[in-house]
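Presented below is the structure to which this report refers.
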There are 2 protein chains.
Amino acid sequence: MDTTTSTAVSSIERFMASELAGDIEFLTARTRALGSARANKALENLGLKVRSYSVLSLACSGLAPTQRELAEFLSLDPSQIVPLVDQLEERGMVERQADPQDRRSKVITSTTAGRQLYKKARAATTAGEAITMANLNPDEQKTLRNLLSRIAFSD
Amino acid sequence: MDTTTSTAVSSIERFMASELAGDIEFLTARTRALGSARANKALENLGLKVRSYSVLSLACSGLAPTQRELAEFLSLDPSQIVPLVDQLEERGMVERQADPQDRRSKVITSTTAGRQLYKKARAATTAGEAITMANLNPDEQKTLRNLLSRIAFSD
DNA sequence: CTTAATCATTGACTTTATCAATCATGTAAG
DNA sequence: CTTACATGATTGATAAAGTCAATGATTAAG
């Protein structure tokens, strides 16, 4: 007798037996919803969201992404990148640099302030991720990354 | 020498070395984007999307979900469930039934037509999922489901 | 050269998400 | 009982995301 630990969990357990709960699409959607809610909260103080954090991260990577590449890697439409870069640029965190190879493209690079912000943001998301993954041991976490990567980059 | 197989892939590889590419949040977001695009396409002919499919699936599960439970399980706001059920109900696929235990709640059940539609839809999404997971062997697929479940239901 | 393709950008438009308010019902306490 | 408070579905307002076509600047190809 006892199915009522917390209202939130009680009914969830019932549906874990459903066919839907075995769908990878569903599981990734739910995992992502949980993770990005947590990440957004962790980034709030820094004036960032998951999206702007992602752009900043790639800008700080030294890989010199163009906006088109950002769109592709982040699964976004190129038109969605524009306001993301706009905001970061206005804050002085990144810069649009004309690509000398192809003047249509704009390479996004980070400023010193951008790299400082990223360092803090990275710490925040890492901490959030640790909470999200608390149920998995380090080996399992590594495995999960590996498996997801092979799906996410299978195109 | 050859890095130019397809424009889409060429730059992606470069960014797989980035810190961001190791973030679980990022990997689930990308995996989900890929998967739900495929699933939506697979469901298009049936007049369904991932969301309505999920509701239909749970309605067909025999688990008698209430709308609140659907919202919780699908990580949606209760107000988002309303139009989803509306549409399926208008098509005669599901029914809102007053819960005799609690007349505030409405239990969503499937009709015969709903179960027939679900059968087709299930086949479509399963096929799509097989494509998504093609790079993983059966054991790996099972492992992935297990690991994701433990994160997705860790609340 | 001229034609076609690509990149960033804009703008229109649709779909999702978020949140407060409401009505009906249920629960708890005096 | 009845008063006070909590909950489930619904509505409506608003913000945020996603989708798509069109444009100007450039580059690539014939």
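This is a predicted model, so every value here is computed, not measured. Sequence lines set the chain letters: A, B, ... in the order given, protein chains first and strands last, and positions in each chain run from 1.
- Residues of residues 95-105 of chain A having a heavy atom closer than 4.0 Å to DNA chain D, listed by number: A/Asp102, A/Arg103, A/Arg104.
- In this structure, the CD atom of B/Glu69 is 15 Å from the P atom of D/dT7, given to the nearest Å.
- Contact check on B/Arg150 versus A/Glu140 returns a salt bridge, with a Lys/Arg side-chain nitrogen under 4.0 Å from an Asp/Glu carboxylate oxygen.
- Between B/Arg51 atom CZ and C/dT14 atom P there is a gap of 20 Å when expressed in whole angstrom units.
- Taking 4.0 Å as the cut-off between side-chain N and carboxylate O, B/Arg38 and A/Glu25 do not count as a salt-bridged pair.
- Spacing between atom CG of B/Asp77 and atom C1' of D/dT14 amounts to 13 Å, rounded to whole angstrom units.
- Checking the phosphate oxygens (OP1, OP2) of C/dT15, no side-chain nitrogen or oxygen of B/Lys49 falls inside 4.0 Å.
- Checked for salt-bridge contact, A/Arg68 and A/Asp102 miss the test: no charged N lies under 4.0 Å from a carboxylate O.
- Across the protein-nucleic acid pair, B/Asn40 atom CG and D/dT19 atom C1' stand 13 Å apart, rounded to whole Å.
- If you check every strand for non-hydrogen atoms under 4.0 Å, B/Leu76 touches sugar and phosphate atoms only.
- Residues B/Phe15 and A/Phe153 place their aromatic rings such that the two centres sit no closer than 6.0 Å.
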### Task
For B/Tyr118 and B/Ser110, run side-chain hydrogen bond (donor to acceptor under 3.5 Å, both in side chains): C-alpha distance rounded to whole Å, both residues' side-chain angles, the deciding distance at 0.1 Å, then the answer.
CA-CA 9 Å; B/Tyr118 175 60; B/Ser110 60; over 6 Å; no
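- Interface remark: the A/Ser79 side chain does form a donor-acceptor pair with the D/dC20 base, using a distance-only criterion of under 3.5 Å.
- Salt bridge A/Arg122/B/Asp23: present, at least one basic N to carboxylate O contact under 4.0 Å.
- Remark: C1' of D/dG8 and CZ of B/Phe73 are 20 Å apart, rounded to the nearest angstrom.
- Between the CG atom of A/Leu74 and the P atom of D/dG18 there is a distance of 11 Å, given to the nearest Å.
- Here C/dT9 presents its C1' atom at 13 Å from CD of A/Glu89, a figure rounded to the nearest Å.
- Side chain of B/Lys106, nearest nucleotide from D/dT10, C/dT18, D/dC20: D/dT10.
- One can place CZ of A/Arg68 at 15 Å from C1' of D/dT26, the figure rounded to the nearest angstrom.
- The B/Gln80 side chain lies nearest to C/dA17 when the options are D/dA9, C/dA17, D/dG18.
- Distance from the side chain of A/Gln67 is smallest to C/dA8 among C/dA8, C/dA17, D/dA17.
- For an aromatic pair to be called close, the ring centres must be under 6.0 Å apart, and B/Phe26 with A/Phe73 satisfies this.
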